[in-house]
Amino acid sequence: MRPEVLRDGTEPDPRFTLANERTFLAWIRTGLALIAGAVAIEGFGIELDETVRGIVAIGLTVLGATVAVGAGVRWLRVEQAMRHARPLPFPTLIPFLVLGSVVVAVTLLVLVVTR
């Protein structure tokens, strides 16, 4: 039984649906890796100020959770586009992930260099 949001349109080739699912799972792995990075920074007590370490860990956790949610939204948008023979939507998750990763990396770099 299909959810209501996928009932209309024509059934796409199963290979495309499965490729969409693999892409979704890759995004989920990316989100989990970001969250694991937050756990590592906080759990292993990297030698940073406790407040700064907490902010970086929270930033990575929020980024990872946002990527996971965005993966679900993207999967649905792509599936709907395939069912209605429309062009695939722009992956808005990519610029967000790049920007978030750069902010976290620059923050860590500045903290390590100025330490």
Side-chain angles (χ1 to χ4, degrees):
M1 180 170 240
R2 286 192 172 64
E4 189 64 35
V5 293
L6 296 178
R7 290 209 177 162
D8 56 341
T10 58
E11 187 75 24
D13 185 323
R15 293 173 294 177
F16 300 135
T17 297
L18 292 172
N20 189 29
E21 185 176 320
R22 285 189 300 274
T23 303
F24 164 76
L25 293 171
W27 280 112
I28 292 294
R29 284 191 301 273
T30 301
L32 287 172
L34 289 164
I35 293 168
V39 169
I41 284 175
E42 192 59 35
F44 293 127
I46 293 175
E47 293 183 28
L48 290 173
D49 178 64
E50 188 176 325
T51 303
V52 173
R53 195 173 66 230
I55 289 171
V56 171
I58 289 170
L60 284 172
T61 302
V62 169
L63 186 60
T66 303
V67 166
V69 169
V73 171
R74 174 144 176 84
W75 173 85
L76 183 60
R77 289 177 62 208
V78 168
E79 194 67 26
Q80 289 172 334
M82 288 190 303
R83 289 174 172 279
H84 296 281
R86 293 189 311 245
L88 297 181
F90 179 77
T92 53
L93 207 54
I94 291 174
F96 175 78
L97 181 60
V98 168
L99 181 63
S101 298
V102 167
V103 167
V104 170
V106 168
T107 302
L108 280 172
L109 183 63
V110 167
L111 292 170
V112 168
V113 169
T114 59
R115 216 178 115 227

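- Taken together through direct or relayed side-chain contacts under 4.5 Å among Ile, Leu, Val, Met, Phe, Trp and Tyr, L76 and F90 form parts of separate hydrophobic clusters.
- Considering all non-hydrogen atoms of both residues, T66 and L93 come closest at O-CD1, 4.2 Å.
- Taking hydrophobic clusters as Ile, Leu, Val, Met, Phe, Trp and Tyr residues chained together by side-chain heavy-atom distances below 4.5 Å, F44 does not share a cluster with I35.
- Across all non-hydrogen atoms, the minimal contact from A71 to F24 is O-CD1, 3.4 Å.
- Taking each heavy atom of W27 and L97 in turn, the nearest pair found is CZ3-CD2, 3.5 Å.
- V52 and V39 are assigned to two separate hydrophobic clusters, defined by single-linkage of ILVMFWY side chains at heavy-atom distances under 4.5 Å.
- The heavy-atom pair separating D8 from R83 by the smallest distance is O-CD, 3.8 Å.
- With sequence neighbours left out, the side chain to side chain donor-acceptor pair (under 3.5 Å) criterion links T17 to E79.
- Taken together through direct or relayed side-chain contacts under 4.5 Å among Ile, Leu, Val, Met, Phe, Trp and Tyr, I94 and L34 form part of one hydrophobic cluster.
- Scanning all heavy atoms of the two residues, the minimum distance from S101 to L63 falls at N-CD2, 3.9 Å.
- One hydrophobic cluster holds both V56 and F96 under the rule that ILVMFWY side chains link at heavy-atom gaps under 4.5 Å.
- Closest non-hydrogen pair, L60 versus V104, comes out as CD2-CG1, 3.7 Å.
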